[in-house]
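Structure record follows, encoded as structure tokens.
First the proteins, then the strands, lettered A, B, ... as listed; each starts at 1. Below, all heavy atoms of this structure are taken into account, side chains as well, without hydrogens, waters or symmetry copies.
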Amino acid sequence: MSTTVTSPPRSADGTPLRAHPPRDDRIAFLMLAPVLILLSIFVIVPTIYAIYLSFFNWSFYQDSEFVGLRNFTNALTDPEFRAAIRRGVLFVLMTLPIQLLLSFLIASFVTGVGKRLGTALKISVYIPTIISAVITSITFALIYEYSGGLLNAVVGLVGIEDQAWIGDVRLALPAIAVPAIWMGLGLMTLIMIAAMLDVPESFYEAAELEGANWWQRTLYITIPQMKNVLLYLLITGFVAAIQQYELPLVMTGGGPLDSTTLPNLFIFNHFRGDTYQGYSIAAALLLFLVLGAISALIFRVLSSEKLVD
Amino acid sequence: MKRRTLLSAAGLSATAASLAACGSGTPGQSKDDADAAGDRTQIEFWHRTFTPFENEWYADIVKQYNDAQDTYFVTDVEVPADAWEQRVKSAQAAGTMPDVYTDPSTMDEGARLGQFLALDDLLDAEQLDDLTDQAKELVTVDGKVYGYPLLLEPQSALFWNKEMFEEAGLDPEKPPTSWDELYETCEKLLPALPDGTFALTTAGDQDTFAWATVGQQYQVSGHFPITDDWSEADTDDPKYEELLGFYKTLREKGYIPKQPLGPYVEAKAYGEKKCAMMTSGSWAFSEIASDYEELLDSTGIAPFPTSDGDLSDSVATLGNFKWVIDAKTEQPEAAADFVSWCLAGDVENLVPFFVGTQFTKAPARPSVADAVQAAPEADDAPWSAVVSEDIAPASISNPSYPWDILLAMGKALEKGMNGEDPAAALKAAGTEIQKVIDREELAGKAPQD
């Protein structure tokens, strides 16, 4: 059997002529262009510039001084920076598991009830997501007020004395975790509802025929089928929680005694207060590395894969 | 031209036109300002949001200046106080700082970094000499003047509600003067106060402790937490431990709330009668007069109690907002003319400010102080003498060492208030201060008297 090989068209000097990209590719590049341009302007170029500046004692009024890796070593050896990162991870542990669990339960409930009630529930749970974080912070700060606050009025009804919800080192971080959970619940629940509705009904029908109860159906069908969505929520939830910034800024200013100074607030405070800017930039880049490393770890542990119906 | 292209062009033009109609093309400037400016040299002036009266005064003084001459035009920009720091940092990074702005910091760091223009060559010598000694000290670094102060105000004073004192069986005209008297007063007040009302409010977080208690730190120990030559930390002092113990006692006994009722700089909690006594800067009186007028007659102001009751040593530092000229201004003459006209010129420009702020701020120029005291309204403000005669003269100037040193002590005080071991808290502060000394190579850089 013979095979015919067609050589590509060549120019006069013998080099192959480059074929025109297919029309679909051109449209794809065209549609990607705005995102790529914006990403370059607002993310890629500033990041490269930030990396460059992190090697300097950057002053706005004097010539910047090259300091090598000193800003990075200063940040890495700063116990307050390390404490802020640890606090950020603790904050993730306080918020993300509860958010995932509550979202899952609410989503399960919404998919199991009638359409009208389900819609009402979806709207109710989504409303906090569209409220500004600053408004949420102010609202919760009023709830947590020591004198005349709503929460102390409620606990007072059962004979508990007034608590310094955001003034006590032990209570302040959990106190700002509550509005963080509340704000993140809506989007997470909607995504879970979408994922649950995507699970083929035939799986459940077969399981029911086999006599599987709700727990078994959830454990062996729903959760495995939602694996990729859960992975997405885990990563985005982790990144959002560790980067939480508005709540401690407005509600506590990072206090008492730095107990709510999360990593981004720590960096922001240095940006506002430092004479030179190299340290805050280096700290921000180190946080970026921490986020990337932990996200990669989550990906590796819970490797994503294509769903097979 | 194709119809689609024509429509797109028309849309873009309309958008550009509407955007242009919104402003002048100059950041911070409205179209009206641009029209009024005409071909005059334009500069920009930033100040924070203060009380409503002060904001009106700032807007008015700029308008008066613009009306008074035809050479320069100033655009006044009021920046929300809580956004001030980030806006200034962003503008500094982008090189878009205003020509003139108000600055509350000590001048040393800004002068060292080259942020401010020295005024010596821009203002007349007699205008600079017209400042009080205290005011001049605040703006002078190594013999050069880097800002022109509008006012001096004690950053710590005691306010008390005379009606609440009477209800508790206390003499409403006799505020406590020592720590022991303060404890006794609080002890008597507490049973007479309704639930949720406290005897006293003070600074409650490390940032506020950092600047609001510098005078207290000095009063108890007779020195700052850094040696005079700035070569070593100097926090290992039993007197500092006593100061930490003072705040611990206030917290443990329930005299002050476990959670601040509001920012130290605001009088809201006092105005809402959530406390019988309040510690704040003298400016709080103008807030009371503005927002809680019904409390004006029943409010007293006095120096904050000292550890031993000797009020000749004030526990207050003097803070103030200086008007400074940014080093990168392209119009230094215009900026200097504006500062000179508003602050160093006709005293009548300034008298309304001090009268309107209820005589709670001390003018930076003796000639203005005399004019303010001569104002007819001064007779109805008996507290004005307390601020200008009892508190301000005994106050000390803000120290000029870096903020991180102030913050280290602020953190120690917050730890002490929260019940941590005072010696350990001060040791940690000493370590932090030494780190700052080494990092910024401060040894030997202390300003010479």
Does A:R272 offer a backbone N or O that forms a donor-acceptor pair with the side chain of B:Q86 under 3.5 Å? no

For chain B, which candidate among A:V169, A:D162, A:D258 shows the most heavy-atom pairs at distances under 4.5 Å? A:D258

Is A:N152 in contact with chain B via its backbone, its side chain, both, or neither, using a 4.5 Å heavy-atom distance? neither

Between A:F271 and chain B, which part of the residue has a heavy atom less than 4.5 Å away: side chain, backbone, both or neither? both

Are there more than 12 heavy atoms of other residues, nucleotides or ligands under 6.0 Å from atom NZ of B:K435? yes

Below 4.5 Å, heavy-atom pairs only: which of B:M97, B:E85, B:Q115, B:Q206 has the largest tally toward chain A? B:Q115

Any side-chain heavy-atom pair of A:L257 and B:K415 under 4.5 Å: yes

For B:K89, I'd like to know if atom NZ has over 12 heavy atoms of other residues, nucleotides or ligands within 6.0 Å. yes

State, with a plain yes or no, whether a side-chain heavy atom of B:L113 is found less than 4.5 Å away from one of A:Y276. yes

For the residue pair B:K274 and A:S147, what are the closest heavy atoms and their distance? NZ-O, 3.1 Å

Given the side-chain rings of B:F116 and A:Y61, with only the six-membered ring counted for Trp, is the space between their centroids under 6.0 Å? no

With the side chain counted from C-beta on, respond yes when A:D168 and B:K258 share a heavy-atom pair under 4.5 Å apart, and no when they do not. no

Under 4.5 Å between any side-chain heavy atoms of A:Q62 and B:R112, yes or no? no

When heavy-atom pairs shorter than 4.5 Å are enumerated against chain B, which of A:W165, A:Y146, A:W58 gives the highest number? A:Y146

Is the side chain of B:Q259 donor-acceptor paired with the backbone N or O of A:Y144 at a distance under 3.5 Å, no angle test? yes

